[in-house]
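Working notes, beginning with the structure itself.
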Amino acid sequence: MDSNLFFSFTTTLLIIIFFHVSYFPLPSFSLRIYSEFIYPNFTTSNLQYVSNTGAFLTSQRTTFKAAIIHHEPSEEVADFYFSIIHVESNQIIWSANRDSPISNSDKFSLTSNGFSLVRENGQRIWSTPPFNSSVRALQLQESGNLVLIDNFNRTIWQSFDHPTDTIVVGQRLPVGTLLLSGLQNNVLTGNYSFMLIDHDAVLQWNSDTYWKISMDTSTFKDKNSPVAYLMLNGTGLYLCGYANVVVFQVILNYSTAFRVAQLNYDGRFTIKSFLNKQWTQEFVGPQKDCLIPNFCGAYGLCTEAVAGSNSGTCTCPSGFRSKTGTRSCLPPNASSLPPACGNGTRLSSSQMVSYEELSTGIDYFSNAFSTPILSGQDLLACANICSRNCSCLGYFYENSSGSCYPLNNQLGSFLTVDGQTDRKGYIKTIVSANNKNEKKGKNPPIVALVLIPTTAVSLLAILIVVGLFAWRKSRSKKTKEVKLGRPSSNNSVEIDTFSIPGLPVRFDYEELDKATNNFQNKIGSGGFGDVYKGTLSDKTTVAVKKITNSSNQGKKEFCTEIAIIGNIHHVNLVKLRGFCAQGRQRLLVYEYMSRGSLDRTLFGSGPVLEWQERFEIAMGTARGLAYLHSGCEQKIIHCDVKPENILLNDHFQVKISDFGLSKLLSPEQSSHFTTMRGTRGYLAPEWLTSSAISDKTDVYSFGMVLLEIVSGRKNCSTKTQTHSIEIDSGSGGDSSSSTVSIPLYFPLYALEMHEERRYKELADPKLEGRVRNEEVEMLVRVALCCVHEDPSLRPSMANVVSMMEGGIPLGTPRVEGLNFLRFYGRRFTEASNIEGSNVGNVFALFPQAMASSESTTTGSYGSLSYMSSQQVSGPR
Ligand SMILES: *[C@@H]1O[C@H](CO)[C@@H](O)[C@H](O)[C@H]1NC(C)=O
Ligand SMILES: *[C@@H]1O[C@H](CO)[C@@H](O)[C@H](O)[C@H]1NC(C)=O
Ligand SMILES: *[C@@H]1O[C@H](CO)[C@@H](O)[C@H](O)[C@H]1NC(C)=O
Ligand SMILES: *[C@@H]1O[C@H](CO)[C@@H](O)[C@H](O)[C@H]1NC(C)=O
Ligand SMILES: *[C@@H]1O[C@H](CO)[C@@H](O)[C@H](O)[C@H]1NC(C)=O
């Protein structure tokens with residue numbers, strides 16, 4: 001008896017424990033899925049219903065569900081929306097927090113005041129407005145309408161009154177209410193809108209109309225009375241007036257299937273039905289690609305592929321050229337587009353408005369829908385109106401009526417028309433007075449390129465005079481030249497014969513030879529030569545960089561470097577004290593940085609760099625780059641951001657060096673940067689495609705450096721792990737440990753840890769936990785934001801600084817923009833396994849180097865981010 005009792009007691013206990021253990025990860029009490037109603041006080045989150053993909057409420061017959069969901073294809077933990085979804089088709093018909101995503105642990109909360117979405121820290125993201133009566137229940141109706149009812153069973157709020165981009169059968173869209181398009185994945189509001197107006201329904205892009213329902217051939221007008229609302233039912237789409245009279249109707253096949261009208265992300269208004277597990281499109285407007293405002297991007301030209309067909313092809317208006325990497329076009333002189341309208345938009349006295357004339361047969365989508373602002377006037381009157389208004393980007397002039405149609409605020413695509421219009425387009429451009437002088441020589445010599453924008457004409461004059469003088473002098477000094485070994489040069493200016501005003505001090509070669517004790521004390525080697533420590537006659541210590549490459553290329557960069565660095569002063573940028581250009585010798589004299597470059601401190605065997613120091617270094621680097629990008633008169637892109645170029649002084653103050661690759665960047669130049677070089681491992685993917693190199697290219701490299709600062713290791717290196725291996729030696733187990741090197745592409749590892757929010761593990765193990773966790777998280781997240789494949793998703797350096805200072809909220813890395821890291825990581829691992837222990841040498845550079853051994857790569861990344869090592873180093 002006793003033992004039996006004990007046995008059943010233990011069994012019960014075991015069962016209880018078993019159930020507890022097996023259910024532990026899921027809070028079992030909140031898994032109930034509510035049908036039709038929920039009542040205050042109710043709180044939940046996606047995490048609590050994660051096994052049911054976030055759905056916690058269904059309509060009575062489960063036609064619709066309410067859920068906190070991801071919008072495909074996002075995989076981010078902070079990208080969730082409270083939405084109503086048609087269960088069978090998975091169509092989202094409404095979202096509450098469309099432009100303010102929440103995380104999977106943030107809360108949905110229903111109280112007697114309404115419902116809201118609340119961050120874990122209590123911050124309210126979205127909520128229903130205040131009501132006079134208190135809420136009794138939230139009801140999800142069979143129609144898909146989400147309704148708040150009060151104690152008298154009155155509806156006090158319904159989602160049908162606040163449509164996003166979709167309406168369903170049973171829903172009314174009143175006059176004045178908008179449907180706003182989403183972006184491609186349906187989250188975040190886009191630029192297109194569908195609006196019901198008094199006598200029609202229109203589609204607009206940035207408040208310019210491009211389509212009306214009345215002009216569609218399947219629309220019928222029944223009555224001549226004003227429209228009050230729009231609705232959809234089993235037989236069609238109706239625009240009804242007061243007393244429910246039908247004003248317009250779009251007749252559809254009778255159907256009881258689930259049917260929606262939706263404004264798509266691409267600017268088309270569609271009606272579709274879900275029948276037999278698939279969608280059938282029943283109506284679409286506009287049908288022609290070329291009627292979509294932005295089909296070919298800004299200033300693009302859309303032409304029907306075949307006359308009369310719906311599909312359009314994109315080109316540029318004649319005289320315009322395509323903007324690399326986009327469908328958009330640019331006028332012949334790219335820098336001449338008018339600046340955006342803003343407070344400080346004032347043309348300087350040297351700038352003039354000019355108009356680029358479009359060829360005949362080109363029209364703009366909105367002209368057919370807008371009334372001209374002037375009639376019976378001449379062309380000049382139109383131009384005058386446009387010139388005076390900064391929001392005017394051009395105009396169309398109709399000769400027969402003397403009308404003008406201004407183009408305002410934002411320009412989309414043009415379309416080709418044949419013979420239906422005598423309107424002619426004029427695109428506003430800005431020309432500056434000194435541009436005229438430059439037009440002749442297409443490739444001005446590099447020195448001129450550098451100097452003209454800064455001190456312009458006066459300096460040029462000095463150059464010419466001095467140059468002439470020098471040339472004369474040089475003719476009479478042939479013997480000396482031979483001694484110095486001056487190469488016959490095709491560069492336009494010889495710097496070694498005179499000094500350029502405003503430039504850093506010019507040294508004699510002999511002087512520097514003496515200062516460096518005959519170049520004995522080498523302290524480093526940079527991209528273009530070795531660096532030596534030296535002491536000048538005034539006892540100051542300097543770093544002298546001796547350029548080894550005396551090719552034409554090296555000389556160009558040399559001149560660039562002097563002119564640029566000499567004029568830039570920032571606490572986080574290395575100061576150029578002087579230079580020497582004598583014969584073939586090219587030397588640069590920098591202030592001396594006692595701690596050398598970051599790579600030695602970070603990856604070397606010296607004392608561990610403490611967390612606080614790392615953070616300061618990251619901060620200083622960010623500030624220096626931000627200054628280069630936006631603090632100088634002209635944007636300067638470094639192009640070779642890497643630890644070797646980040647120098648440190650005694651107090652771990654950062655100074656960025658090596659501007660050898662950077663250039664003064666005009667928009668014109670940015671699209672063809674052909675003579676660039678960078679360093680693998682820090683190269684942004686756009687180096688490998690034809691896309692433009694921009695300041696965002698530096699942002700990418702900075703992100704890569706940031707990861708190395710956090711981890712204290714090279715991004716492409718092997719991770720050493722000690723494994724215990726059981727060796728079966730017959731008589732019992734014998735264990736022995738062995739050290740294994742695992743190839744690890746650190747940026748990918750960082751991405752994976754980010755997805756699991758395990759930032760702490762990314763910090764340098766040598767720090768043994770002496771880190772600030774929130775700062776580790778911050779740096780990793782900033783770094784990942786910086787390495788987004790799409791440059792436009794990367795923050796600017798100025799924003800990076802603000803994020804690190806806490807001035808603006810920390811960005812959220814978008815996993816879909818980082819998936820290329822998985823590809824790089826896989827390539828890295830695979831190649832490492834093949835190459836065995838040589839990995840470190842071969843692939844510490846960049847996974848792209850691997851492409852040289854495999855040229856048949858296909859797939860989405862194959863063409864994008866892949867190239868041979870020969871391509872990486874640029875043209876020779
Ligand atoms: C909900 O919570 C509020 C505040 O805690 C309370 O005043 C109210 O009575 C609760 N309502 C219900 C229906 O439990
Ligand atoms: C509201 O509706 C519920 C359910 O239909 C009913 O039980 C309740 O009596 C109604 N309340 C009022 C005030 O009509
Ligand atoms: C749809 O609404 C129109 C206009 O009110 C009406 O004439 C028609 O009968 C309705 N169709 C169905 C299937 O309810
Ligand atoms: C410029 O044009 C816009 C759009 O037509 C108009 O709203 C604005 O008032 C104009 N500004 C001036 C100063 O005329
Ligand atoms: C513009 O209109 C005027 C008068 O209507 C006409 O004389 C002139 O030839 C037209 N110009 C063009 C380019 O069509």
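Just follow the structure's listing: the first ligand is 1, and inside any ligand the first atom is 1. Just so it is clear, the values below take in all heavy atoms, side chains as well, and ignore hydrogens, waters and symmetry mates.
- Between Glu756 and Arg758 there is a salt bridge, since at least one side-chain N of the basic residue sits less than 4.0 Å from a carboxylate O of the acidic one.
- Atom 14 (O) of ligand 3 has Asn233 ND2, 3.5 Å as its closest protein atom, hydrogens excluded (heavy atom only).
- Annotation for Asp266: atom CG counts as buried by contact number, over 12 foreign heavy atoms lying within 6.0 Å.
- Contact annotation for Met231 and ligand 3: only side-chain heavy atoms (C-beta onward) come within less than 4.0 Å of the ligand.
- Protein heavy atoms are absent from the 4.0 Å sphere centred on atom 9 (O) of ligand 3.
- Ion pair Glu282/Arg259 flagged as a salt bridge, since at least one NZ, NE, NH1 or NH2 atom sits closer than 4.0 Å to an Asp/Glu carboxylate oxygen.
- In terms of N/O distances under 3.5 Å, ligand 3 is approached by Thr235.
- Closest heavy-atom approach to atom 1 (C) of ligand 1 within the set Thr111, Val135, Asn41: this belongs to Asn41.
- Looking at Tyr39, Phe42, Phe82 one by one, the single match for ring-ring contact (aromatic ring centres under 6.0 Å, His included) with Phe115 turns out to be Phe82.
- A salt bridge links Arg61 with Glu142: at least one charged nitrogen is closer than 4.0 Å to a carboxylate oxygen.
- Closer than 4.0 Å to atom 12 (C) of ligand 1 lies at least one heavy atom of the protein.
- Heavy-atom distances between Pro40 and ligand 1 reach below 4.0 Å in at least one pair.
- Donor-acceptor pairing under 3.5 Å is lacking for the side chains of Asp289 and Ser311.
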